[in-house]
Structure formats: C-alpha cells, structure tokens
Amino acid sequence: MRSLFITATGTNVGKTHTTLKLIEAYAKIGLKVGAFKPIETGVEDEPVDAKALLEACQEVNPDFTDLAPTDICAYTFSLPAAPFCADTKQEIKLEKIFKKYHELSKRCDILLVEGAGGLMVPITQTYKMIDLAKELNAPVLLVTPSRLGCINDTLLSLEALKSRDIDFDWCVNLYEDKESFAKVTQPYYDAVFPKWWSTEKNIVQFVNQMI
Ligand SMILES: Nc1ncnc2c1ncn2[C@@H]1O[C@H](COP(=O)(O)OP(=O)(O)OP(=O)(O)O)[C@@H](O)[C@H]1O
Ligand SMILES: C[C@H](N)[C@H](N)CCCCCC(=O)O
Ligand SMILES: [Mg+2]
C-alpha cells in the first residue's frame, strides 16, 4: 500500500479539490483508492471534506462503501480552527490517527491523506501537520494557490518541507486570480521552477509518474 499526504500553503487553498481529482485519476489507472482526513475542524453536522472524499472513493472502491464520513476521520471538532485550538479538551492522541491510517490502508492500494490547513498547523502544542506527514513517511503533495501572494507562501512551504527532508512535489491550483497569474506569478515559476504544474492540467501526468 502506498500513501500520499496532501497539504497546502494554508486553508481553503484546494486540498480537497485536488484530492478529489487525484481519486479520479488513480482510479482511472486501475488503483483502488482510499482517503483519510485525520482531523477535520469546523464540523457542524458531518465532516464536509471527509464526506466529499468518501463519496468519491465509494464510486471507485467497493471496500469503502460500508464506511461513513466519520469512519475516515480520526477526530472532528466544531470550532473552525487549527486542531490544537479546536481540541479544547485536549483529546487528540496521535496513536488513534496512526491506528485509523493503518486500518484504512488495508482497504486500498493508495491512501490519500488530506491534512487540515497548511503544513505548520498545530495538532498539539508541539506536533504539527508537517510532523504527521513526516512520521507517516508519506510523500507529500503541496497544493499552492494562484492568487497574488502565492510566491511567498509557496517558497516558505518548500523551505519547511526541504528542512525536514520530506519527499514532496507541489502544484498550482489555478483558481484564484487565474487571469492575472500569467503576468503576476508565472514568470517567476517559469524562471525558477520550469517544471511547475497545475492541478487543472497535469494531475494525470503526476499520478502516472507517482505509481
Ligand atoms: N480549481 C478550483 N475550481 C473551482 N473551485 C475550486 C477550485 N479550487 C478550490 N475550489 C473551491 O474553493 C473552496 C476551497 O477549496 P478546498 O475545499 O479544496 O480547500 P482546502 O484546502 O481543502 O480547505 P481546508 O483547509 O478547509 O481543508 C471550495 O469551495 C472548493 O470547491
Ligand atoms: C476550518 C478550516 N476549514 C480548516 N479545517 C482548518 C484551518 C486551520 C488553520 C489554522 C491556521 O493556519 O491559523
Ligand atoms: Mg479540505
């Protein structure tokens, strides 16, 4: 079983959007795909990300059909915040996250793990999303936005991943400020990262090189 940890430069950048495309792309090349949202915050009735990811997996993987959204989450919290802040009773136990990860991994060929927010989001006072990605020993896909300001956010996240010697790739979710991206951001990416790619155009290529 393989896994891929999907993170981003922050919240609302397109992790779920990209993970949904990854589920479709991995299924198309014949892999049984699974998804895991270790911690979801901002949950009212049911976890929205986990629900969307589960429904997509259920379309392509029969071993996920008997699950409910909360079965692919280790923790859900109502406060829309970093897990450390949302977990007011300090319930989070990392062991529970790893146990759920291993349980779900038995149901698929590749398990897509969606983080909460960005890399440096605290899960506990001393343990962040990036630490979870490292400990899972999963390659990381960093989703970056296309809006003005993304160069700085992207470079900071790349530094964080490199400093922890994590195997990663990154992509641009061409969504916000899409029209101005070619002038405002792309010249730098073309110059420094000529192989940069976007969720919109190159997800199949990424998936094929990943297997
Ligand atoms: N390329 C896109 N095209 C259309 N809608 C998009 C695109 N990317 C993101 N969105 C929309 O923007 C919103 C935020 O995207 P998404 O939920 O994937 O972010 P996220 O990084 O998963 O956020 P969170 O940190 O809450 O998990 C969603 O409503 C999503 O449908
Ligand atoms: C609620 C939101 N949709 C995410 N699940 C959590 C985002 C946490 C961001 C924390 C931070 O970077 O300040
Ligand atoms: Mg999400």
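Since the structure is predicted, the reported quantities are computational estimates derived from the model, not experimental observations. Positions are given from 1, in the same order as the sequence printed here. Counting starts at 1 for both ligands and their atoms, in listed order.
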Could you tell me whether T41 and ligand 2 have an N or O pair separated by under 3.5 Å?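 For ligand 2, there is an N or O atom that lies under 3.5 Å from one belonging to T41.
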Do L174 and K201 make a side-chain contact, defined as non-hydrogen atoms from C-beta onward lying under 4.5 Å apart?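 Result yes, sub-4.5 Å side-chain heavy-atom pair found.
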Taking the side chain as every heavy atom from C-beta outward, state whether C171 and L141 have any atom pair closer than 4.5 Å.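 Yes; the side chains approach each other to less than 4.5 Å.
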Around atom 11 (C) of ligand 2, find the nearest protein heavy atom and jot down its residue, atom name and distance. V121 CG2, 4.2 Å
Which heavy atom of the protein is the closest neighbour of atom 20 (P) of ligand 1, given with residue, atom name and distance? K15 N, 3.5 Å
Are any of the protein's heavy atoms under 4.0 angstrom from atom 6 (C) of ligand 1, yes or no?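 Under 4.0 Å from atom 6 (C) of ligand 1, at least one protein heavy atom found.
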Could you tell me whether atom 30 (C) of ligand 1 has at least one protein heavy atom nearer than 4.0 Å? no
Should D109 and K32 count as an ion pair when the cut-off is N to O under 4.0 Å? no
Using distance alone, with no hydrogens and no angle criterion, decide if E44 and S78 have a side-chain donor and acceptor under 3.5 Å apart. no
Does the side chain of Y175 pick up a donor-acceptor pair with the side chain of E200 at under 3.5 Å?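 On atom types as modelled, these side chains do not qualify, holding no pair under 3.5 Å.
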Any donor-acceptor pair under 3.5 Å linking the side chain of K134 with the backbone of D165? yes
Once you restrict to heavy atoms under 4.0 Å, what part of [X] touches ligand 1? Side chain, backbone, both or neither.
X: T199; answer: neither
X: K37; answer: side chain
X: V143; answer: neither

Which word best sums up how the rings of W196 and Y189 line up, parallel for under 30°, tilted for 30 to 60°, or perpendicular for over 60°? tilted
Step by step, work out the side chain to side chain contact (heavy atoms under 4.5 Å, CB included) result for T70 and Y75. CA-CA 8 Å; T70 46; Y75 291 99; over 6 Å; no
Angle subtended at the Mg ion (ligand 3) by OG1 of T16 and OE2 of E114, nearest 10°: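 Angle OG1(T16)-the Mg ion (ligand 3)-OE2(E114): 90°, rounded to 10°.
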Pairwise distance CG(D87) to OG1(T41) - rounded to 0.5 angstrom: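 It is 11.0 Å, given to the nearest 0.5 Å.
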May I ask you to list the atoms of ligand 1 that are less than 4.0 angstrom from any heavy atom of G117?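 Those atoms are 25 (O).
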D49 atom (N/O/S) at minimal separation from the Mg ion (ligand 3):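 Of all N, O or S atoms in D49, the Mg ion (ligand 3) lies closest to OD2.
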Does the residue E114 have a heavy-atom contact with ligand 1, meaning some pair of atoms that are separated by less than 4.0 Å? yes
For ligand 2, indicate whether the residue C85 contacts it via side chain, backbone, both or neither (heavy-atom separation under 4.0 Å). neither
